[in-house]
Amino acid sequence: MRLEALVQESIRTALDRLGLAPPAEIPVDRPPRPELGDFTSRVAFLLAKEAGFSPQEVAQRLAQALRSSPAFREVHAVQGFLNFFLRPESLHGVLRAILAEGLAYGKSTEGQGRLLQVEFVSSNPTGPLTIGHGRQAALGDVLANLLADLGFRVVREYYLNDEGRQIELLAQSLWARYREALGDPQPLPEGGYHGDYLIPIGRELAEKFGNAYPEWNAEAKKVFRGEVVPRMLRLIEEDLEAIGVRFDVWTREGDIIRKGLVDEVLRLLREKGAVYEKDGAIWLSAKAHGLGRDPVLLRSDGTPTYLMVDIAYHLDKFRRGFDWVVDVQGADHIEEQQQVKLALRLLGLPEGFLSYCLHQFVTLKGAEGIEKMSTRAGRFLRLKDLVDEVGRDATRYFMVMRKPESHLVFDFELAKKQSLENPVYYVQYAHTRIASVFREAEARGEMPEDLLSVDLSPLTEPEELLLIRELDRFPDVVRKAAYDFAPHLLCEYLEALAGIFHPYYARVRILGQGAATPARLALLAGLKLVLFRGLSLLGVRAPEQM
RNA sequence: GCGCCCGUAGCUCAGCGGAUAGAGUGCCGGCCUGCGGAGCCGGAGGCCGCAGGUUCAAAUCCUGCCGGGCGCACCA
């Protein structure tokens, strides 16, 4: 049994014996300081009023009733708090259970195989991915990993907007580069794409087409659009591959329109009286529902806006059978999120069908002049270049080590460091170090045949007991990181584990310690397992050697 | 002006109703004859942006203000 549940059950039994009704949920936490025990409960505060005693009196009675429980060495009542000190044997049992679970440890089936879509990156094919997209790629991928461990059937999806005005501008920008390569410099269109990445493609097309397209006209538009989109997709795929992200499904904006979903959504919204016509365009009545302004759904030329198609896309997601959809998006999409959610509510989709994981932007520390990025202005650092420089592991780790809604300062120099100041190396090194100890144990013939049947009673050092207590937390960390869209909690947890292990390793010898050796190796096996699981969820390697 | 997010140690950030507010880094001072020193230990450093309120209890919840980010296009 998990330790927290063990404590809860003990409290429940004690309450029962005292004739007190248990609260709906019995709170059990980790105390702020180790001298306050392994677990603490503030249950007495919740019961004091009803019981007619002070919190401290209630706590004292409970402590008295709990002292007979075999799980605890001591139970203290302090200022109304109930503090539990576990017997080492209770902790040893936990370690044994973790080892028995193996790689399944931390997984659950509570998602019940429900179909979940995580949509992320979804960058327009107008250029390579920047480090900003990198944060989203890492976040989306890690969230997908976490939720898959909770038993959801996860689909990673990329929404590809390969039509519309931006693509046209891109095509025209490419055409200008093409003319430039032919010695006929043309100005880039207003709001066009200035990035260098179009220059070699322009040169390539100059060779391929010669002077076939001297004018920017309807035919040139068609041809250059056809040339540019697949090439941009290549660049994006290279970036995704660099950071190690694969998508299961790519959906194009054009697919949604062709399915007739735009017309259908419009019809449904009209039936609800949620749209109106003004200046020849169709608007969504968002203000009437508390939003700041009414957005356009259908332009006066009859074409749908991005928002319109996005709403239709989400209806499509629903029809495709997803039970839950998580969209990872940057802070510049806040208004749109409110509008889409409103529209889905009006369309009668279930509340909670769509969740947004919103993240703030990334700035790069230690790289002058490229802090402010813009794809259109051609001022950015390409994701692949960053990965090439600092490595996939560090890139992924750094991108998720802060909570998404916080602005992220990516410390370029720190990420590159191959020393333990770098948190990702600190964690990986713990894993490697254990692997190294195991190799040494094998060489010396000290490795037990079966770690599961090892006598764990020699595990009595404070760090040993603390480590087991921390290993016990892993499933909670996975759950919280997944449901709160907070993968940084996993980073923090892994750093805490490594932070207990490294000093322990420095102080206590593992090998050649008689009966303590197999017990310590079993502990390290449990730790290695959890480090591996945690790093894998982050998509970061857990090396045997480095 | 309106909407969302963020103001916690010099810096980068955790903590988001509970007991003396934490980590990493930086700074100061210790420790290298054994399993990887790619390390370990100790210390200094905080009106938790400001002001009210709610609560037995507020960094945490509410209100207002101040500072920063993002958005407020018939762009995507």
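Scope of the values below: all heavy atoms of this structure, side chains included, with no hydrogens, waters or symmetry mates. So that the names make sense, note that chain A is the first sequence line, chain B the second, and so on, each numbered from 1.
- For the pair A/Lys480 and A/Tyr483, the cation does not sit on the ring face, since its NZ or CZ is not both under 6.0 Å from the ring centre and inside 45° of the axis.
- Using bins of under 30°, 30° to 60° and over 60° for the plane-to-plane angle, the ring pair A/His502/A/Tyr429 lands in the parallel bin.
- The aromatic rings of A/Phe501 and A/Tyr505 are tilted relative to each other, their planes meeting at an angle between 30° and 60°.
- For the pair A/Arg165 and B/A73, the criterion of a side-chain N or O lying under 4.0 Å from OP1 or OP2 is not met.
- At least one donor-acceptor pair under 3.5 Å links the side chain of A/Asp393 to the backbone N or O of A/Arg541.
- Note on A/His488: a side-chain N or O is less than 4.0 Å away from OP1 or OP2 of B/G15.
- Between B/G15 and B/C6, the distance separating the two P atoms is 11 Å to the nearest Å.
- A gap of 13 Å separates the C1' atoms of B/U60 and B/U55, to the nearest Å.
- Comparing B/C4 with B/C40, their P atoms are spaced 45 Å from each other, to the whole Å.
- Taking atom C1' on both nucleotides, B/G45 is separated from B/G24 by 15 Å, rounded to a whole Å.
- Considering only residues two or more places apart in sequence or on other chains, A/Lys341 meets the salt bridge (charged side-chain N to carboxylate O under 4.0 Å, His left out) condition with none of them.
- In RNA chain B, runs of at least 3 consecutive Watson-Crick or G-U pairs, each pair with both distances below 3.5 Å, span B:1-7 with B:66-72, B:10-13 with B:22-25, B:27-31 with B:39-43, B:49-53 with B:61-65.
- Nucleotides B/G29 and B/G37 are separated by 25 Å at their P atoms, to the nearest Å.
- Remark: the A/Ser300 side chain and the B/C74 base include a donor-acceptor N/O pair separated by less than 3.5 Å.
- Taking the C1' atoms as reference points, B/A59 lies 41 Å from B/C75, given to the whole Å.
- In this pair, A/Trp216 and A/Trp175 present their aromatic rings tilted. The plane angle is within the 30 to 60° band.
- Because its NZ or CZ atom is both nearer than 6.0 Å to the ring centre of A/Phe53 and within 45° of the ring axis, A/Arg61 counts as a cation-pi partner of that residue.
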Under 3.5 Å, which N/O atoms of the protein pair with N/O atoms of nucleotides 18-28 of chain B?
unit_1: B/G18; atom_1: N7; unit_2: A/Arg42; atom_2: NE; d: 2.9
unit_1: B/A19; atom_1: N6; unit_2: A/Thr40; atom_2: OG1; d: 2.7
unit_1: B/A19; atom_1: N6; unit_2: A/Asn83; atom_2: OD1; d: 3.3
unit_1: B/A19; atom_1: N1; unit_2: A/Asn83; atom_2: OD1; d: 3.1
unit_1: B/A19; atom_1: N1; unit_2: A/Asn83; atom_2: ND2; d: 3.2
unit_1: B/U20; atom_1: N3; unit_2: A/Arg33; atom_2: NE; d: 3.3
unit_1: B/U20; atom_1: O4; unit_2: A/Arg33; atom_2: NE; d: 3.4
unit_1: B/U20; atom_1: O4; unit_2: A/Arg33; atom_2: NH2; d: 3.3

